[in-house]
Number of protein chains: 2
Amino acid sequence: MSKAMTVIVADDHAIVREGLKMLLSTMADVTVVAEAADGEAVQVLARSEPADLLVLDLGMPGVTGIQFIADIRAMAPRMKILVLTANVEPRTVRAAIEAGANGYLTKNGDPAELADAVDALRANDIYLAQSIRFAVSDPARQTLPSATDEALSPIPLTRREMQILSLAAQGLTAREIAERLGISPLTARKHRENLMRKLSLHSAAEIAAYAVRIGLPIG
Amino acid sequence: MSKAMTVIVADDHAIVREGLKMLLSTMADVTVVAEAADGEAVQVLARSEPADLLVLDLGMPGVTGIQFIADIRAMAPRMKILVLTANVEPRTVRAAIEAGANGYLTKNGDPAELADAVDALRANDIYLAQSIRFAVSDPARQTLPSATDEALSPIPLTRREMQILSLAAQGLTAREIAERLGISPLTARKHRENLMRKLSLHSAAEIAAYAVRIGLPIG
DNA sequence: GACGAAATACGACACCTGCCGTATGTCGCA
DNA sequence: TGCGACATACGGCAGGTGTCGTATTTCGTC
């Protein structure tokens, strides 16, 4: 019927990309036209050759969380974004959708859901993995994402805080972080302090555990 | 020529399993006969229905590192073990091989390596991913793994150290750990010190990241 | 141009950490 | 019986952390 749907596959693991490509290629009217291994490649593709669909692993290097989705959404407003990640924190799911993602799959889910998700997105629906559907379906949030922004907002971190989170997660001290970013150790410390308050974390260990769990780039 | 090679695919992400199965099914004489999503399932399969090959993701829940490989090797001595992980620490690669793994692939590597690795293992060779080959090829380690045990052995932790690792990973201080275990804070501290030396970790953050990455129960 | 958000920067204080010692009791195994 | 591994326990010291302040500059947006 309609012409083939073009897809960009973005995941830092080549083996996972290959698996996704094979899974997608079994679907009718789906063509994988490009792949990306880091956030920058995704941005370049979104700007120069946006496809109909982007399958995006949130744990990639250079993909600093939710803000990245909003950036891609801004670059390629008509491209569907299907987030694929191991992360199942309700907060992140909500935030991803509000930032402009059209679907959210977990790596633990039934692989058949990938096909369902692609179909749903093709029909301009939003698709959430079975296992996390409850997270967004609570009655207080039935309104369209475009409406409420400031309500229970998904703890937005600033760009700087995102950087500090990533570096602190690697066990770097405030001084080391400051050196890498070319700022004062006291400033690095203050950024960390702020992000810890936002995320309700209380130690370096909790920062690291949190970062690994949400699949932040650790390298 | 020969009969088909039976394979068990073990990864906690269903989508990755599915991708691996598709990749493997494109190879001649390879049949995926089972899959597992956690360490326990792998052990059950190894005991009851060992296959010719186990493709094992080291990052799975219940797969507590190197010791797990040795256990599987003991349960099914004739089953080839192909380790697949994002981890590229030379130490881990060496330890995995010494514990009885027959191959080591990284998730970042060229997917074509999977076929190469399967072929190599079928021919009773050991296969290492291109990107990490240097790690084990240093001349000082050319001896057979069966010979040297005490040398750089695969980092055994005592029961107590395991407990402390788990608690420290949650961000607990020495005092809090001591309270939970009913021992002196100074003793808890010493246990932590010892396990850190064994694992070459140097901060609470690294402990937490390590624990989450190897899938320790996080409480 | 005015306002707010973000980024920058500094200080103080109690506490914890990572690293270095040492020492004693228990238990298994050769 | 004795050796070695493990668990227990204590202390010092330099440095880092977590939490509380305050203050200036830069930047986007209304």
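Protein chains get the first letters and strands the later ones, always in sequence-line order, with residue 1 at the start of each.
Side-chain N/O atoms of B:H202 include one lying less than 4.0 angstrom from OP1 or OP2 on C:dC19.
When side chains are defined from C-beta on, A:L82 counts as touching A:L53, because their heavy atoms get closer than 4.5 Å. Counting heavy atoms from C-beta on, the side chains of B:V9 and B:L56 never come closer than 4.5 Å. Looking at heavy atoms from C-beta onward, A:D52 lies out of side-chain contact with A:M79 at the 4.5 angstrom threshold.
Checking side-chain atoms of A:E18 against main-chain N and O of A:A14 turns up no donor-acceptor pair under 3.5 Å.
Heavy atoms only, all atoms of each residue included: A:A208 and B:A209 are closest at CB-N, 4.1 Å. Closest of all the heavy-atom pairs between A:I207 and A:A169 is CG2-N, 4.1 Å. Of all heavy-atom pairs spanning B:V7 and B:A51, the tightest one is N-CB, 4.0 Å. Minimum heavy-atom separation, B:A168 to A:A205: O-CB, 4.1 Å. Nearest heavy-atom pair, A:L195 versus A:E161, reported as atom, atom and distance to 0.1 Å: CD2-O, 3.4 Å. Residues A:A10 and A:L54 come closest through the heavy atom pair CB-CD1, 4.1 Å.
In this structure, B:I207 places its CD1 atom 16 Å from P of C:dC16, rounding to the nearest Å. Atom CD of A:E161 is separated from atom P of C:dA7 by 6 Å (rounded to the nearest Å). The separation between B:L172 atom CG and C:dC16 atom P is 13 Å, rounded to whole Å. When the P atom of C:dA9 is taken as reference, atom CD of A:E179 falls 14 Å away, rounded to whole Å. A straight line from CE of B:M196 to P of C:dG18 spans 4 Å, rounded to a whole angstrom.
Interatomic distance, NE2 of B:H191 versus CD1 of B:I164, reported as 5.0 Å (0.5 Å rounding).
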For nucleotides 23-28 of chain C, which of its nitrogen or oxygen atoms have a protein nitrogen or oxygen under 3.5 Å away, and what is each distance?
none

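Inter-axis angle, ends of the helix from C:dG1-D:dC30 to C:dA30-D:dT1, five pairs per end, rounded to 10 degrees: 50°.
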Using atom types as modelled, flag every donor-acceptor pair under 3.5 Å from a side chain in residues 183-190 of chain A to any protein atom, sequence neighbours excluded.
unit_1	atom_1	unit_2	atom_2	d
A:S184	OG	A:L186	N	3.0

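Scanning DNA chain D 5' to 3' for nucleotides with an atom closer than 4.0 angstrom to a non-hydrogen atom of chain A gives a first and last hit of D:dG16 to D:dT22.
For B:E35, the side-chain hydrogen bond (donor to acceptor under 3.5 Å, both in side chains) test picks out B:R17, B:K21, with sequence neighbours left out.
Taking every heavy atom of residues 184-192 of chain B and every atom of DNA chain C, pairs under 4.0 Å involve B:R189, B:K190, B:R192, by number.
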